[in-house]
Trainee: 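One structure is given below, represented as structure tokens, and several questions about it will come after.
FYI, the numbering just counts along the sequence from 1.
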Amino acid sequence: MNFNDGFAFIPLYATAVMCLAIFVLLIISKIRKTANVSFIALIATAIIGGISVFCATQKVPEGTKTTGLGIIAVAMAFSAFLFLIYSVILVLMEPKKAESSAANESDSKKKENSVLMNVLDITQEDVKLLDINKEFSAKAAECIGQDEGLSQVLDHAIKTAVKVTNSDGGCILMIDDFDDVISVKAFTGDFPPPYKLPDDMPHKPMRVSTNFKYASFQLGENVFGHVATSGKAELIDRPENDKRIFQNGPEEFLKSAGYIFAPLKINDKVSGVICLSRNYGAETFTEDDLHVVEQIGEYAAAAVKSLTAVKDVIEKSERNKESEIAARIQDMLHPAKLPVIPGIQIGTVFNPTEGVCGDNYDIIPCRKDRISFIMNDIAGKGTNSMVIMIMIRAMFRLVVNTKQSAGTILTWANKGICGESFSTDHFASCALINYDPETKKIQYSTSGSSSILYYNAREDEIRLISERTEPIGVDKTSEYKDFTKELSSGDILAAYSDGLVEALNVHGEQYSRETLMKLIKANHGSSGKDIANLIKSDIKKFIGNANQHDDQTLLLIKIQ
């Protein structure tokens, strides 16, 4: 076929125009997301259009045949025409939805999970339980440091168990190791009580559920206690035929289609029980449900243990900080230097234990005819005990300067402490000895467990001269007696706290008052300071590496 010079290049111009249209349509299709337009297609379209323009603008020498060029031009124009029609179709298509891509990714992920499950030989149920375990871990981490953290974790556990097993209600009971009871700590939905209701309780849903939410049971009392003590899960699919389930009445809300009881257990240590129920007339539970609840019980137990462990660490850290402050104050309250008093030798022992137990001694040369020796042992630990100690010390330092007797001073101090709003676990044992250096007489009084030993040099014997009475801070009406005694040269008085004679060695044996008395008697010829140092060394040797739980304090007075 032979084309003349002007007609031969018309298809080339047409191809260039169509390529431009195709390029525009592809761009629109890409923007509208009606198709996945390749960047290479755009480049190819641009190249074809460019070549067409280039060829159409070239001069052909006169007399040159353009048959081949014409055929190529027509072919390119026809191809471009088809490509143009295809581009129009792409533009007119509906845009692809994002969900389609997400669905493809989801399907791809499911296939990957399916392959992984086959390789690891796990089931879909195992995957679900792993997800539940992650949720428990996240919940425990979220609740750390919160006042209601434990309640939130238990509430999450029971709601998860109810949802996963399609139950109608459930509860979690936790064991109190100190009282050997198990108490309801979380409750949701409808849970017919499997125990006998009180005879005088109206059979109304609200009254019954309220009673159960605050119930406590002995560990061996019912099915809750049985599961808690045995550590074995129970599936009861016919409650009406099970002797462990009490039938409280004909009302439908008091009946159940079935129960599951599973322990909250870690390393054979049971901390509670998770319980589920389905309403009367519903399908009963299956063994698969039981397995799931057992796993949830373990997850819940692990979450609770993690939460309580972190809480214990935080509380211990706070106690340690409090104890450090209180210990510094306690140390400051002791006399920085023992006073030098003519005719008297003084020795002391003070071995404080961690946590501050509140022992304190004081020596107050208040008047020419009175030197007051004070031994205090405050019950309890921490800053609360320290406050009581400071109050008693301040009272004594103020009142011993008067002419009031030792017993009266203790009585006044007791009324002052009882007048404050302190709980009775912060009481004090005190020993007050008023010594008159001119007459060598003592007037003394004691409260609580504080004790005074007296070594009589003339008779070479030692005995207890104090009596056990009511501690300071217990009863506002308590009154304390006065006792007097004349001393001679070589006599020894030793006031001490019960932590000293009750100090334990590694075998659990007490140091004992008898041991202290023998040591004082055997070394009565030594100075007061030396006797105290011998006692301190002997106690240290006796204790060895055993942990102590109370301060060991002694105030020894030897008359020259």
Trainee: Nearest 0.5 Å, what's the CD1-CG distance between I175 and D180?
Mentor: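 I175 CD1 to D180 CG: 9.0 Å, rounded to 0.5 Å.
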Trainee: Name all residues meeting the salt bridge (charged side-chain N to carboxylate O under 4.0 Å, His left out) criterion together with K337; count only those two or more places apart in sequence or in a different chain, and write none if there are none.
Mentor: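 So K337 forms no salt bridge (charged side-chain N to carboxylate O under 4.0 Å, His left out) with any residue.
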Trainee: For K536, look at atom NZ and say whether over 12 heavy atoms of other residues, nucleotides or ligands are found less than 6.0 Å away.
Mentor: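 Open: at most 12 neighbouring heavy atoms sit under 6.0 Å from NZ of K536.
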Trainee: Going from CH2 on W412 to CD1 on I417, what distance comes out if it is rounded to the nearest 0.5 angstrom?
Mentor: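 Interatomic distance, W412 CH2 to I417 CD1, rounded to 0.5 Å: 15.0 Å.
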Trainee: If you apply the rule side chain to side chain contact (heavy atoms under 4.5 Å, CB included), what do you find for I472 with F427, and how did you get there?
Mentor: CA-CA 6 Å; I472 285 178; F427 50 84; over 6 Å; no
Trainee: Could you work out, with salt bridge (charged side-chain N to carboxylate O under 4.0 Å, His left out) as the rule, every residue matching D436, not counting sequence neighbours?
Mentor: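 Scan of D436 (salt bridge (charged side-chain N to carboxylate O under 4.0 Å, His left out), adjacent residues dropped) gives none.
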Trainee: Can a donor-acceptor pair be found between the side chains of N523 and S526 at a distance below 3.5 Å?
Mentor: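 Looking only at side-chain atoms, S526 and N523 do not form any donor-acceptor pair under 3.5 Å.
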Trainee: Considering residues, nucleotides and ligands other than K185, do more than 12 of their heavy atoms fall under 6.0 Å from its NZ?
Mentor: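 Open: at most 12 neighbouring heavy atoms sit under 6.0 Å from NZ of K185.
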Trainee: Testing the 3.5 Å rule here: is there a donor-acceptor pair between the side chains of D551 and T553?
Mentor: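 There is no such pair between these side chains.
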Trainee: Please collect all salt bridge (Lys or Arg N to Asp or Glu O under 4.0 Å) contacts where either partner lies in residues 508-527, sequence neighbours excluded, each pair once.
Mentor: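 Sorted result for residues 508-527: empty, none.
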Trainee: Just checking F212 against Y195, ring centres under 6.0 Å apart?
Mentor: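 Yes, the ring centres sit under 6.0 Å apart.
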Trainee: What salt bridge (Lys or Arg N to Asp or Glu O under 4.0 Å) pairs are there with at least one residue in residues 449-462, not counting sequence neighbours?
Mentor: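 Sorted pair list comes back empty.
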Trainee: How about Y435 and Y444: are their ring centres within less than 6.0 Å of each other?
Mentor: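 They do not qualify: ring centres at least 6.0 Å apart.
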Trainee: Sequence neighbours left out, what passes salt bridge (charged side-chain N to carboxylate O under 4.0 Å, His left out) with R393? Give chain and number order.
Mentor: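 For R393 the salt bridge (charged side-chain N to carboxylate O under 4.0 Å, His left out) partners, ignoring immediate neighbours, are D362.
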Trainee: Can you tell me if NZ on K368 sees more than 12 non-hydrogen neighbours from other groups inside 6.0 Å?
Mentor: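 Not buried by this count: 12 neighbours or fewer within 6.0 Å.
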Trainee: For a quick test of reading the model, state the closest non-hydrogen atom pair linking F373 to I344 and the distance between them.
Mentor: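 So the two residues come closest at CZ-CD1, 4.2 Å.
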Trainee: Could you pull out all residues at least two apart from K159 that satisfy salt bridge (charged side-chain N to carboxylate O under 4.0 Å, His left out)?
Mentor: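 Once residues adjacent in sequence are excluded, the partners of K159 under the salt bridge (charged side-chain N to carboxylate O under 4.0 Å, His left out) criterion are D155.
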Trainee: In terms of ring plane angle, is the pair F261 and Y259 parallel, tilted or perpendicular, where the classes change at 30° and 60°?
Mentor: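 Judged by the thresholds at 30° and 60°, the geometry between F261 and Y259 is parallel.
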